[in-house]
Amino acid sequence: MMPLWLDMLRTPMAAPETAGLKRLRFIWQLLCLSLAASIAGLSPLRALIGRAAPCMIAVLLATTLLTTLIYLRRKHRADTSYLRAFEEGQ
């Protein structure tokens, strides 16, 4: 019987990242960074654009959440199909 760590080394853990998934992951990261920066800089934003600043942050939050759900769904689908193909190949 093979030790668990050796078995895990031999088993692929995730599908190779496609160009579309890579782009979506990059967009998601940019949205997360933008959201963090806008929350950290709420006071200057409010001074610059007024009462629209919290609304802008809310839209950014909703967009980030939606992008997260889309990314996780596509990533899970890609990983599942890749692992099924890997299991069939063995």
Looking only at heavy atoms, what is the nearest atom pair of W28 and T64, with distance?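 That would be CD1-O, 4.2 Å.
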Looking only at heavy atoms, what is the nearest atom pair of L21 and Y71, with distance?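 What the structure gives for the nearest pair is O-CE1, 3.8 Å.
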Is there a path of hydrophobic side-chain contacts, each under 4.5 Å between heavy atoms, that joins [X] and [Y]?
X: L72; Y: I70; value: yes
X: L24; Y: L66; value: yes
X: L31; Y: L33; value: no

According to salt bridge (charged side-chain N to carboxylate O under 4.0 Å, His left out), who are the partners of R25, at least two apart in sequence or on a separate chain?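 With sequence neighbours excluded, R25 shows a salt bridge (charged side-chain N to carboxylate O under 4.0 Å, His left out) to E17, given in chain and number order.
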Pairing residues for T63 by the side-chain hydrogen bond (donor to acceptor under 3.5 Å, both in side chains) criterion, not counting sequence neighbours: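 With neighbours one apart ignored, the set is empty.
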Enumerate donor-acceptor pairs with a distance under 3.5 Å from any side-chain N or O in residues 40-55 to protein atoms, sequence neighbours excluded.
none

When rounded to the nearest 0.5 angstrom, what distance separates [atom1] in [X] from [atom2] in [Y]?
X: S34; Y: L60; atom1: OG; atom2: CG; answer: 6.0 Å
X: I27; Y: K22; atom1: CD1; atom2: NZ; answer: 13.0 Å
X: L30; Y: L35; atom1: CG; atom2: CG; answer: 12.5 Å

